[in-house]
Amino acid sequence: MFTPDGRSLLFYSHRDGNWAGWMVGVDGGGLRKVAAPAGGVIYPLISPKGNEMVYTSVNPQAFLVPLGASSAAAPVQLTGATIDGAAFTPTGWSPDGTRLTGGLTKGGAPSGVGVYDLSSRMLTMVGADPTSAAKWLADSRRIIYFVGDGSELIVLDTVSRKRTVVDVRLPAPSTDGMFAISPDNRTIYYGAARFEADIWIVERK
């Protein structure tokens with residue numbers, strides 16, 4: 001994902017043998033490791049101010065780590081990031097910087113949508129839709145995510161809990177639930193797969 005200033009990209013990789021968080025400039029320069037804990041780093045998110053990162057370990061557990069000049073900052077586990085035995089995987093940071101949203105996983109399967117308050121360290125289940133990823137809209141109140149094997153788009157008001165199915169005709173379903181929303185909330189970018197096949201006849205001579 002882009003850093004807030006648009007000059008760098010945050011990503012995760014096992015380029016050195018272990019899953020870690022990395023940052024690189026959009027020109028390909030300044031590659032540096034920003035987090036490499038023993039539990040590994042997957043699905044990193046950068047805060048709206050660009051000073052913190054949250055990520056999920058391979059366990060899975062959610063952690064927060066400061067981003068600065070030093071790469072030695074120790075990650076802090078997000079306490080209270082489970083609910084009724086379901087683990088929380090952050091996939092979206094609210095634009096106002098106060099909350100996280102993401103999928104809940106129980107027994108290895110998606111079991112709902114959660115919102116984590118960073119000040120109270122409290123996780124709330126806001127929807128029962130089985131989804132792997134959710135993102136905030138610009139109002140820091142509504143979240144959006146795919147359901148139905150990636151074929152439906154849902155907008156959920158985290159305050160009123162009103163659930164709205166967006167009337168869209170997707171050319172192909174979302175493949176893994178990960179997607180991006182433009183700053184003006186007018187465009188969604190997502191990954192899809194399309195399968196094609198040919199039939200061949202082989203004649204032996």
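The structure places OG of S47 at 7.0 Å from CG of L67, a figure rounded to the nearest 0.5 Å. One finds the CG atom of L118 at 7.0 Å from the CG atom of L78 (value rounded to the nearest 0.5 Å). If you take CG on D84 and CG on L104, they are separated by 9.5 Å, rounding to the nearest 0.5 Å. Taking OH from Y55 and CD1 from I42, the interatomic distance works out to 10.5 Å, rounded to the nearest 0.5 Å. If you take CD1 on I154 and OG1 on T131, they are separated by 9.0 Å, rounding to the nearest 0.5 Å. Considering OG1 of T105 and CZ of F88, their distance stands at 10.5 Å, rounded to 0.5 Å.
Taking each heavy atom of G39 and S57 in turn, the nearest pair found is O-CB, 3.5 Å. V113 approaches A134 most closely through the heavy-atom pair CG1-CB, 4.2 Å.
Hydrophobic cluster membership of Y189, counting Ile, Leu, Val, Met, Phe, Trp and Tyr whose side-chain heavy atoms lie under 4.5 Å apart directly or via other members: none, as it forms a cluster of its own. Listed by chain and number, the hydrophobic cluster partners of L31 are F2, L9, F11, W22, V24, V26, where partners are ILVMFWY side chains within reach of under 4.5 Å, directly or through others.
Counting only heavy atoms from C-beta outward, the side chains of P95 and S140 approach each other to under 4.5 Å. At least one side-chain heavy atom of W136 sits less than 4.5 Å from a side-chain heavy atom of T158. Contact annotation: the side chain of V155 never approaches that of I143 to less than 4.5 Å [non-hydrogen atoms, C-beta and beyond]. Under the 4.5 Å side-chain criterion, counting only non-hydrogen atoms from C-beta, I188 is not in contact with K135. P66 is not listed as a side-chain neighbour of N51, based on a closest heavy-atom distance of 4.5 Å or more.
Note on residues 100-127: no pairs pass salt bridge (charged side-chain N to carboxylate O under 4.0 Å, His left out), not counting sequence neighbours. Sorted by first and then second residue, the salt bridge (charged side-chain N to carboxylate O under 4.0 Å, His left out) pairs involving residues 153-168 (not counting sequence neighbours) are D129-R163, R141-D157, D167-R169. Among residues at least two apart or in separate chains, ring pair (Phe, Tyr, Trp, His ring centres under 6.0 Å) pairs with a member in residues 147-184 are F146-F179. Counting only residues at least two apart or on different chains, no ring pair (Phe, Tyr, Trp, His ring centres under 6.0 Å) pair has a member in residues 104-130. The stretch residues 86-96 participates, sequence neighbours left out, in these side-chain hydrogen bond (donor to acceptor under 3.5 Å, both in side chains) pairs: S94-D96, D96-T98. Among residue pairs with one or both ends in residues 44-68, none qualify as salt bridge (charged side-chain N to carboxylate O under 4.0 Å, His left out); sequence neighbours excluded. Counting only residues at least two apart or on different chains, the salt bridge (charged side-chain N to carboxylate O under 4.0 Å, His left out) pairs with a member in residues 13-25 are D16-K33.
Hydrophobic clustering of Ile, Leu, Val, Met, Phe, Trp and Tyr side chains at less than 4.5 Å, counting indirect connections, keeps V115 apart from M125. With hydrophobic clusters built from ILVMFWY side chains whose heavy atoms lie under 4.5 angstrom apart, Y145 does not share a cluster with L153. I181 and L156 are members of different hydrophobic clusters when ILVMFWY side chains are connected at heavy-atom separations under 4.5 Å. The hydrophobic cluster containing L123 also contains V54, counting ILVMFWY residues as joined when their side-chain heavy atoms lie under 4.5 angstrom apart, directly or transitively. Criterion: ILVMFWY side-chain heavy atoms under 4.5 Å apart, direct or through other members. Under it, I144 and V168 are part of a common hydrophobic cluster.
For M122, the CE atom is loosely surrounded, since the number of other residues' heavy atoms within 6.0 Å does not exceed 12.
Checked by atom type and distance alone, the side chain of T101 pairs as donor or acceptor with a backbone atom of G114 at under 3.5 Å.
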Evaluate the criterion side chain to side chain donor-acceptor pair (under 3.5 Å) for residue pair D149 and S151; output intermediate values, then yes/no.
CA-CA 6 Å; D149 295 326; S151 61; over 6 Å; no

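Remark: D5 pairs with T3 by the side chain to side chain donor-acceptor pair (under 3.5 Å) rule, at least two apart or across chains. Partners of Y12 under the ring pair (Phe, Tyr, Trp, His ring centres under 6.0 Å) rule, at least two apart in sequence or in another chain, are W19, Y43.
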For residues 197-205, run the donor-acceptor check on the side chains, cut-off 3.5 Å, and write out each pair with its distance to 0.1 Å, sequence neighbours left out.
none

